[in-house]
Structures are given as C-alpha cells and as structure tokens.
Amino acid sequence: MENIQLFVPTYRIDETLAEIRECLQIGWTGLGFKTDKFEKAWVEFTGLRHAHFINSATAGLHLAVELLGEQGGWKPGDEIITTPITFVSTNHAILYAGFTPVFADIDESLNISPGSIEQLITDRTRAVMFVGMGGNPHHLRAVMQICRNRNLKLILDAAHMAGARIGGFHVGIEADVTVFSFQAVKNLPTGDSGMACFADAALDTEARKRSWLGINKNTFQRTAQLGSYRWEYDVETVGYKYNGSSIMAAIGLVALRYLDQDNAYRRQIAAWYDELLAPMGGNVTPVQHDPGSSRHLYQVFAKERDALMVTMNAAGVYPGVHYKDNRMYRMYERPDADQSSTRKLSEQLVSLPMHLRLSYADVQRVVSSIFAFYARKE
Ligand SMILES: *Cc1c(COP(=O)(O)O)cnc(C)c1O
C-alpha cells in the first residue's frame with residue numbers, strides 16, 4: 001500500500017503550463033505581467049483594498065511590521081502580542097524589525113485567546129499578530145475589537161487562510177495588514193510566494209518600493225508607459241529583494257480558479273475525519289473550526305501523541321505537528337512557558353494528512369491506524 005503523506009500539492013498541470021508558456025513566449029518571467037494580473041485577481045476574489053505579490057509570506061510579514069512601525073513611530077523594543085504556536089516566520093518578522101514578541105496563550109481553537117491578549121497589553125504594546133491556525137478564523141473578529149478599543153494595529157498572518165471567510169466575507173478586512181502564503185504546501189500552492197494586503201494606500205505604495213530594493217518604479221511599468229525600456233529610476237530607501245515573479249504568479253492564477261472548490265473538498269475531508277473519529281472518546285479530540293475555515297489543516301489533540309505518531313508511521317501514515325511551542329526553541333525561550341496551558345495543548349497536537357488527493361478510503365486508513373494504537377493499549 002502507498003504511504004499517506006501529510007501534504008501533497010495538486011496542480012492543474014496543463015492549465016498551469018499554458019499560463020507559464022505565455023510568460024516564456026513574451027519573454028517576461030519577472031515582476032509585472034502575471035504578477036499584476038494575479039494581484040488584480042486577488043483583490044477581486046478577496047474584496048481587500050490592495051494586494052502586493054511577494055516572494056514569500058515571511059517577506060510580507062517583515063514588510064508589514066517594518067512599515068506599520070515606521071508609520072506609527074514605534075521605538076526599538078516596543079511590543080507586539082503574538083502566538084507561540086506558529087511557524088517561526090511569524091515571530092522572526094517581529095524581530096527583523098527590532099520589536100519584541102510578547103507571547104499570549106492559545107485556547108482549544110489554537111488561536112490566541114482574546115482574554116489572554118487583554119492581560120498582556122502595556123503602554124509599549126503597538127500591535128497584535130494573529131495567526132488563523134489551519135485556516136480557522138475563530139476569535140479574529142473579537143481580536144479586531146480589542147485592537148480598535150485599545151488603539152493597536154492588527155497584523156493577520158493568513159498563511160493558512162486563502163479562501164477563508166467570516167459570514168461570507170473573505171478574511172483580512174479586519175486587519176491593518178493581511179499576509180498570505182502561497183508556499184508549495186499551503187492550500188493555494190505555487191512554488192514560493194505570498195501576498196501582502198495593506199489596508200492603507202500609502203503603505204501599499206511604500207511596500208511596492210520596499211520589496212524592490214527601494215526603487216520607485218518597477219521595470220514593467222516603465223516599459224509599458226513609454227513603449228520602450230527606460231533605464232532611469234530613483235532609489236528612496238534601503239529596500240529588499242522581496243518581489244514575486246511572473247512564473248509564480250502564473251501558477252497562482254490557476255490555483256486561484258480552483259481555490260473555493262479545493263477548500264470545499266478540504267472541508268469534506270474534515271467532515272469525514274470528524275465522523276470517523278467520533279467514537280474515539282477522550283483519546284483523540286478534533287480541533288473545531290468555524291464554518292468559513294479554509295481547512296488548510298486537520299488537527300487533533302491526542303493522548304500519548306509521540307507514541308501514536310510512531311505507530312501511525314509504521315502503518316504508512318505520516319502525520320505532522322503544527323506547531324511546537326516557539327518558546328521551546330533556544331532563541332524564543334521564556335522562563336515561565338513550561339507551565340503554560342499553551343504548552344500542555346501543544347504537546348498533544350497532531351496534524352492528520354490533509355490534501356486534495358485523499359479519498360474517503362484514505363481517511364478510513366488514517367483513522368484505522370489511530371484506532372489500532374489505542375486498542376493495543378487497552
Ligand atoms: C508557511 C507559514 C509562513 C511563512 O510562509 P512563507 O511563504 O513560506 O514565507 C508564515 N506563517 C505561517 C503560520 C505559516 O504556516
């Protein structure tokens with residue numbers, strides 16, 4: 001029997017190659033052309049005000065923190081309340097810009113709890129960084145309210161949230177900046193790329209310069225405007241090489257056409273898992289998602305997690321963990337983290353295989369491997 005992997009990206013190959021072929025034919029693979037098209041398509045799809053295509057969500061989060069900090073006059077060491085249960089990019093972005101991550105607690109939704117945020121606000125708090133774990137928007141609106149009431153910026157790390165909605169509206173309107181990831185194993189896969197969506201027009205403009213080394217006009221615009229390549233430009237700041245490419249945008253444009261359909265299938269897989277795991281009682285508890293979740297992940301709390309994962313591997317099933325408490329990494333170590341409720345939750349976390357190639361029979365096989373483990377123990 002074939003192994004069942006945690007993630008396998010699915011591409012519509014012929015359609016994607018046709019989109020890439022256009023880039024190769026006209027001889028334009030870089031910034032502009034398909035990146036402009038993808039940005040427009042993303043704005044139309046999400047209803048967000050702006051979308052800037054970049055080479056990763058990590059880059060976008062860096063730009064988000066840096067530009068909000070500049071606009072708000074934040075000082076080095078000012079605080080951003082964030083989650084310890086995330087991919088390290090989220091918290092690295094805070095450090096890149098010279099600010100201090102302050103770790104809130106998560107609850108059973110795996111998102112930071114509004115109550116925990118309230119307790120951590122000081123006169124140095126400038127923003128909240130919210131991660132919608134596995135695509136789950138739970139608590140996002142409540143956190144937006146806290147940010148409004150306390151005059152804090154809200155940065156949404158929406159790396160798992162392409163196509164996630166609240167009450168029919170795409171997530172992101174709540175935040176000052178929303179950053180999506182289109183990395184290869186996210187739910188809108190390209191190779192590596194992302195989208196930084198600033199609510200403020202001036203910050204969107206600034207982000208476009210900052211992600212192109214501080215240059216004040218992109219090459220494609222200059223070419224398009226003047227009908228021939230114009231070499232002259234100005235450089236305003238020390239920017240970065242963070243722009244996305246037309247090849248990645250070409251892949252993303254096709255993936256976007258199928259995103260709602262694909263997320264619906266993810267929710268179907270989640271419903272199968274929910275149903276088949278229901279008899280597990282207290283050994284395995286699925287994380288509940290709000291209805292608009294993109295279902296990038298299907299996570300459970302499992303007793304004896306590490307031993308369970310070894311048994312599943314022996315059956316050819318490869319689950320994962322999202323994520324280890326970041327405070328278990330040397331550079332984010334915090335003295336009081338070991339006793340936290342967050343640590344206890346994170347130590348039980350397992351992500352079950354979740355991707356578009358899974359059939360109902362595959363889901364049954366994953367669940368059987370879990371049943372086998374707990375049955376053996378009794
Ligand atoms: C993947 C991920 C990122 C980083 O995305 P890249 O596009 O790979 O830089 C950031 N935050 C979270 C929660 C992620 O899962």
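Position 1 is the first residue of the sequence; numbering continues from there. As the structure lists them, so they are numbered: ligands from 1, and atoms in each ligand from 1.
Taking Phe180 as the reference, Trp42, His170 meet the ring pair (Phe, Tyr, Trp, His ring centres under 6.0 Å) condition, with sequence neighbours excluded.
The aromatic rings of Phe182 and Phe38 are tilted relative to each other, their planes meeting at an angle between 30° and 60°.
Both Val321 and Tyr298 are assigned to one and the same hydrophobic cluster, defined by single-linkage of ILVMFWY side chains at heavy-atom distances under 4.5 Å.
Here Tyr258 is tied into one hydrophobic group with Val254, each link being a pair of ILVMFWY side chains closer than 4.5 Å.
Sequence neighbours left out, the pairs with a member in residues 79-95 that pass side chain to side chain donor-acceptor pair (under 3.5 Å) are Thr58-Ser89, Glu79-Thr122, Thr82-Asn91, Thr86-Thr90, Thr90-Asp157, Asn91-Asn326, His92-Tyr332.
Other residues, nucleotides and ligands contribute only 12 or fewer heavy atoms inside 6.0 Å of the CG atom of Asn151.
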N/O pairs closer than 3.5 Å, ligand 1 and protein:
from     : atom 1 : to     : atom 2 : distance (Å)
ligand 1 : 5 (O)  : Ser181 : OG     : 3.3
ligand 1 : 7 (O)  : Ala57  : N      : 2.8
ligand 1 : 7 (O)  : Ser181 : OG     : 2.7
ligand 1 : 9 (O)  : Ala57  : N      : 3.3
ligand 1 : 9 (O)  : Thr58  : N      : 2.8
ligand 1 : 9 (O)  : Thr58  : OG1    : 2.5
ligand 1 : 11 (N) : Asp157 : OD1    : 3.3
ligand 1 : 11 (N) : Asp157 : OD2    : 2.7
ligand 1 : 15 (O) : His160 : NE2    : 2.7
ligand 1 : 15 (O) : Lys186 : NZ     : 3.0
ligand 1 : 15 (O) : Tyr323 : OH     : 3.0

